[in-house]
A.B. asks: 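Let me give you the structure first, and then I'll get to my questions.
Note on naming: letters A, B, ... go to the chains in the order of the sequence lines (proteins, then strands), and numbering restarts at 1 for each one.
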Number of protein chains: 2
Amino acid sequence: MLAQAASQLSHPHALTHDVVATPPAFEGTLPYTDCCYRAGEEIYALGDRASALYQVEFGAVRIFRLLADGRRQISAFHFVGDVFGFEAGDRHNFFAEAICATGIRAYRRPVESELAREILPVALEALVRAQDHLLIIGRQNADERVAAFLLDLMERQDGLTRIELPMSRADIGDYLGLTIETVSRVLSRFRQKGHVHFERARNAEIVHPDALRAICE
Amino acid sequence: MLAQAASQLSHPHALTHDVVATPPAFEGTLPYTDCCYRAGEEIYALGDRASALYQVEFGAVRIFRLLADGRRQISAFHFVGDVFGFEAGDRHNFFAEAICATGIRAYRRPVESELAREILPVALEALVRAQDHLLIIGRQNADERVAAFLLDLMERQDGLTRIELPMSRADIGDYLGLTIETVSRVLSRFRQKGHVHFERARNAEIVHPDALRAICE
DNA sequence: CGTAATGTTGACAAGGGTCAAGCTTAGTGG
DNA sequence: CCACTAAGCTTGACCCTTGTCAACATTACG
């Protein structure tokens, strides 16, 4: 597993281009460099100059904002193949951190004219995702939110019922607008009902996807 | 007031181009037609072909989604000058309705290559707005949400402390992820504390903007 | 002027948050 | 290799914010 090799790296550092087989997002169009991050490491911070586009090669990334008192809202998780890091201005409006040992391909930001065509589809998709998320957080209860989250994870992991949850319960809570405790309680209830089986806290088998679908309507 | 003239129209219909002085969003680049809508009228529905971009000339628009059981999440309000209606695919993912008598300029959707450069900035801005909204709904309480909403309205109405709320309490609730009753109670509390003065339910004076800023941090 | 839609307020209930204790797991160092 | 520790997770008890239900007030409109 690539993540194992990566976890031994003490600092993010450039790799050669042929380490990983992730298909490039901008095939043949943009120069890039690869970089590894350990769990919890910052990829960029709010206010940093937005000078690159990023693609996840392996691992997972959380994108978030903070309120003055420390409350955190995770607006997105990114997994293998996902592209992120484009911004409205020339500065980042968010923080990005590696959730676990993570490889990132950084594409030098193309000039404005080319950039538009390249990333508009990605930006529009991100917009739809953000608005879906808004519906979930604004109008669904804890059970519905967690069910939708598990189904989303499943779909993004090739639809396989065995899923990994690389993020902590705190991450899930901050993504769904819930507390750690509520996330934990809902997952326990799903487990008791037999909808999900947890081998470990971060490895689950979705036993009855349809039960979850029925919950989030 | 243009809205008065518009409110007499019985059906949406094309206007000549020189009725309103709103600066076009795509000056000289795209052909357009103008159209009027009455309060509550649908501009487009989920699933409709996304064949145009829209700009508000006067009035206000709500963009929303529905859950199967009728719960509604308003993802955005659009006011004079705002551009909306771009989508990830070739179909609309949302409903758009006029909140009050509203004039809309519909630009024929440009070909893909031109489209990208035109609307990328608008799309990125919408993304930031959606993600801001996510933080508010996911991590702020009722007082903070309503305070942030009032300040947002104020800023978008030229920063003047006299603001209009064209939308109903139900709209505000569905935008902020609250019920009508909670919105009403919070507004009453703000009124009692002297932060806001309501001349009518939909006309307010923000007496102490800083008090509201302090509330939403 | 009368009616329906919209908004306000109150009483009560419940979903989810807070605080606290205990359990599991992974990582570390002897 | 095992024991210790810290971080992460789970569970329980309690409480608070917000939702629900209902009555009433106000406004807009025909």
A.B. asks: Taking atom C1' of C/dG15 as reference, at what distance in whole Å does atom CZ of A/R145 sit?
C.D. replies: 11 Å
A.B. asks: Hey, can you tell me if B/H133 and B/Y175 have their rings parallel, tilted or perpendicular (30° and 60° cut-offs)?
C.D. replies: tilted
A.B. asks: Is the Lys NZ or Arg CZ of B/R65 less than 6.0 Å from the centre of B/F94's six-membered ring, within 45° of the axis?
C.D. replies: yes
A.B. asks: Taking only side-chain nitrogens and oxygens of A/R202, does any of them come within less than 4.0 Å of OP1 or OP2 of D/dC9?
C.D. replies: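 So the side chain of A/R202 is within the cut-off, an N or O lying under 4.0 Å from OP1 or OP2 of D/dC9.
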A.B. asks: Give a yes/no on whether any side-chain N or O of A/R200 is located under 4.0 angstrom from OP1 or OP2 of C/dA26.
C.D. replies: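 Yes, such a contact exists.
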A.B. asks: For B/R213, is the CZ atom crowded, meaning more than 12 foreign heavy atoms sit under 6.0 Å from it?
C.D. replies: yes
A.B. asks: So does B/D152 pair up with B/R145, basic N to acidic O under 4.0 Å?
C.D. replies: no
A.B. asks: Should the heavy atoms of other residues, nucleotides or ligands under 6.0 Å from CZ of A/R108 be counted, would the total exceed 12?
C.D. replies: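 No, CZ of A/R108 has 12 or fewer neighbouring heavy atoms, counting only those of other groups under 6.0 Å.
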A.B. asks: Starting at atom CG of A/D174, determine the distance to atom P of C/dG17, rounded to an integer number of angstrom.
C.D. replies: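 For the pair A/D174 CG and C/dG17 P, the rounded distance is 11 Å.
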A.B. asks: Got a sec: does the CD of B/E125 have more than 12 other heavy atoms crowding it under 6.0 Å?
C.D. replies: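 Counting other residues, nucleotides and ligands, CD of B/E125 stays at 12 neighbours or fewer.
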A.B. asks: B/Q140 has an atom CD; how far is it from atom P of D/dT18, in whole Å?
C.D. replies: 12 Å
A.B. asks: For the pair made of CG in A/L176 and P in C/dG15, what is the distance, rounded to whole Å?
C.D. replies: 18 Å
A.B. asks: Measure the distance from CG on B/L165 to C1' on C/dG7 and round it to the nearest whole Å.
C.D. replies: 13 Å
A.B. asks: Using a strict heavy-atom distance below 4.0 Å, which residues from residues 63-74 of chain B are in contact with DNA chain D?
C.D. replies: none
A.B. asks: When you match A/A142 and A/E199 each to their closest nucleotide on DNA chain C, which lands nearer the 5' end?
C.D. replies: A/A142
A.B. asks: In whole angstrom, what separates A/R139's CZ from C/dG15's C1'?
C.D. replies: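 Nearest whole value for this atom pair: 15 Å.
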A.B. asks: List in numerical order all residues of residues 178-192 of chain A for which some heavy atom is under 4.0 Å away from an atom belonging to DNA chain D.
C.D. replies: A/I180, A/E181, A/S184, A/R185, A/S188, A/R191
A.B. asks: For the pair made of CD1 in B/I172 and P in C/dG7, what is the distance, rounded to whole Å?
C.D. replies: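 Whole-Å distance recorded here is 8 Å.
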A.B. asks: If the plane angle is over 60° it's perpendicular, under 30° parallel, otherwise tilted; pick one for B/Y54 and B/F84.
C.D. replies: parallel
A.B. asks: Determine, for B/F77 and B/R62, whether the Lys NZ or Arg CZ falls below 6.0 Å from the six-membered ring centre while staying within 45 degrees of the axis.
C.D. replies: no
A.B. asks: Starting at the 5' end of DNA chain D, which residue's closest nucleotide do you reach first, A/A170 or B/D143?
C.D. replies: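 This one resolves to A/A170.
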A.B. asks: Which comes earlier along DNA chain C counting from the 5' end, the contact point of B/A201 or that of A/N141, where each point is its nearest nucleotide?
C.D. replies: B/A201
A.B. asks: Between D/dC9 atom C1' and A/R169 atom CZ, what is the distance in whole Å?
C.D. replies: 7 Å
A.B. asks: Please say whether the positively charged group of B/R72, taken as NZ for Lys or CZ for Arg, lies over the ring of B/F64, i.e. under 6.0 angstrom from the six-membered ring centre and within 45 degrees of the axis.
C.D. replies: yes
A.B. asks: Yes or no on side-chain hydrogen bond (donor to acceptor under 3.5 Å, both in side chains) for B/E164 and B/N203, after CA distance, side-chain angles and deciding distance?
C.D. replies: CA-CA 5 Å; B/E164 283 188 37; B/N203 289 80; 4.6 Å; no
A.B. asks: Within the 4.0 Å heavy-atom criterion, would you say B/G177 contacts the bases, only the backbone, or no part of the nucleic acid?
C.D. replies: sugar-phosphate
A.B. asks: Base, sugar-phosphate, or nothing for B/G173, non-hydrogen atoms under 4.0 angstrom?
C.D. replies: nothing
